Amino acid sequence: MRTLKNILVTGGAGFIGCNFIRLLLEKTPEFTGRIVNLDALTYAGNSASLRDIERRFGGARYLFERGDICDRAFVETLFRKYDIDTVVHFAAESHVDRSILGPEAFVKTNVLGTFTLLEAARAAWKTGGMRQDVVFHHVSTDEVYGSLGETGYFTETTPYDPRSPYSASKASSDHLVMAYFHTYGLPITMSNCSNNYGPYQFPEKLIPLMILNMREGKPLPVYGDGKNIRDWVYVEDHNNAVWTIMRKGVTGEKYNIGGENEWENITLLQSLIAIVSEKAKLDPAKVRGTISYVKDRPGHDRRYAMDCTKIKRGLAWRQGVSFEEGLERTVDWYLENNAWVDGIRSGEYQSWVEKNYGDRG
Ligand code: NAD
Ligand code: TYD
């Protein structure tokens, strides 16, 4: 079991990263070290997501450094300044639709940014060959494996077959991470996870977008026939898995993480309508009337589904939150956190949406 002291979290102001920081500082007593959050605060990064963490742990166990993972000199300074022994790399451009509209940022951050971090880690940890008391954990996605038919699951040995600029850039970063293990002996671990949901997710992704559009009476845009399938996992379950791999995972290995919880988009939307209508006192029939089938996403992967046998057997990880419970918690969070929501659904993001999608929300 590794003892992790000075952890560099990249992308800690984003959805999964901020939940990871909360998990470690609020709910993980065995972690007594320090977290340095390196984040560029792009449109998806939000310092409001960690304001209370800053207040409670800032200066001592939590430090925020605004910067770009592509900035080699800056990243190298952080390794020295904070004596970093662990990297958990969440920072990325993460939305498939944006990768179709503008792929360049995805290549920059996801490919060049990951490369820059790997180089900085290699330079910092190159003592006597390569330090082995350190670890670089790379957070990736199931989308690198491509699209499934009606049956079958992705395993860790499924060949890579990315279809969108997002998944292609994540696949490239995965290959670089593995190459640094095989070529330089950099101690890495990697995880590929299915679709996450939960608090603090940027509301351009399916679940928060739908919750907020329902609340505001806006159309609910369903791509294509609505029968694409995703395997949904609650964000805290994903982060527990990441933490487990960071401490106990075998160096040089990758692990699949998923919810083992497949839903067609349209069925998921019907469940969400029932929950939101009840909690926000809306008429479900009226809300159902706002479902709007829109033009499909180009190259839209039909089905994702993860086989999680390796992490379950090897590291004794299990999902802890049922879909029902997770959706309830997520809906409650979006209905209760108006300041966080309004901070995003106004100004810059709203103008971007109107420019690219009209009034869809
Ligand atoms: P997000 O878009 O919510 O957050 C990304 C964060 O990275 C933001 O805070 C942003 O400011 C930061 N960032 C972007 N470019 C940067 C740069 N050049 N330098 C420094 N910081 C930068 O993403 P997320 O949903 O939290 O995803 C986190 C990671 O998990 C990503 O690597 C993503 O590929 C992976 N992943 C996400 C999901 C999912 O369902 N969201 C599923 C599997 C894997
Ligand atoms: P998304 O949250 O963008 O995640 P990903 O593309 O990484 O899986 O989308 C989840 C699914 O929901 C995907 O099949 C696309 C679909 N979708 C819609 O039907 N309407 C929408 O407005 C969005 C954002 C997604």
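All ligand and atom numbering here is 1-based and tracks the order in the structure. Just so you know, these numbers come straight off a predicted model, no measurement behind them.
A donor and an acceptor atom, one from each side chain of Thr28 and Trp243, are nowhere located under 3.5 Å apart.
Within ligand 2, the atoms closer than 4.0 Å to a non-hydrogen atom of Asn265 are 11 (C), 12 (O), 13 (C), 14 (O), 16 (C), numbered from 1 in the order shown. The distance from ligand 2 to the heavy atoms of Val96 drops below 4.0 Å at these ligand atoms: 6 (O), 7 (O).
Contact check on Glu236 versus Arg22 returns no salt bridge, with no Lys/Arg side-chain nitrogen under 4.0 Å from an Asp/Glu carboxylate oxygen. Contact check on Glu204 versus Arg345 returns no salt bridge, with no Lys/Arg side-chain nitrogen under 4.0 Å from an Asp/Glu carboxylate oxygen. A salt bridge links Arg122 with Glu119: at least one charged nitrogen is closer than 4.0 Å to a carboxylate oxygen.
Residue pairs satisfying the ring pair (Phe, Tyr, Trp, His ring centres under 6.0 Å) criterion with at least one member in residues 152-173, sequence neighbours excluded, are listed as follows: Tyr145-Phe154, Tyr145-Tyr160, Tyr160-His175.
The ring pair (Phe, Tyr, Trp, His ring centres under 6.0 Å) search around Phe181 returns none, not counting sequence neighbours. By the side chain to side chain contact (heavy atoms under 4.5 Å, CB included) test, Ala280 is found to be paired with Val276, Leu282, Leu335, residues two or more places apart in sequence or in another chain being considered.
When heavy-atom distances to ligand 2 are checked against a 4.0 Å cut-off, Val294 has no atom that comes that close, whether in backbone or side chain.
Val87 and Phe20 sit in two unconnected hydrophobic clusters of ILVMFWY residues. Membership requires side-chain heavy atoms under 4.5 Å apart, directly or through other members.
For ligand 1, residues of the protein lying within 4.0 angstrom by heavy-atom distance are Gly11, Ala13, Gly14, Phe15, Ile16, Asp39, Ala40, Leu41, Thr42, Ala44, Gly45, Gly67, Asp68, Ile69, Phe90, Ala91, Ala92, Ser94, Thr109, Val139, Ser140, Thr141, Tyr166, Lys170, Cys193, Ser194, Asn195, Asn196.
When only interatomic distances are considered, the shortest N/O to N/O separation between His300 and ligand 2 falls below 3.5 Å. Any N or O atom pair closer than 3.5 Å counts here, and Lys205 shares no such pair with ligand 2. Residue Tyr223 has at least one nitrogen or oxygen atom sitting less than 3.5 Å from a nitrogen or oxygen atom of ligand 2, judged on distance alone.
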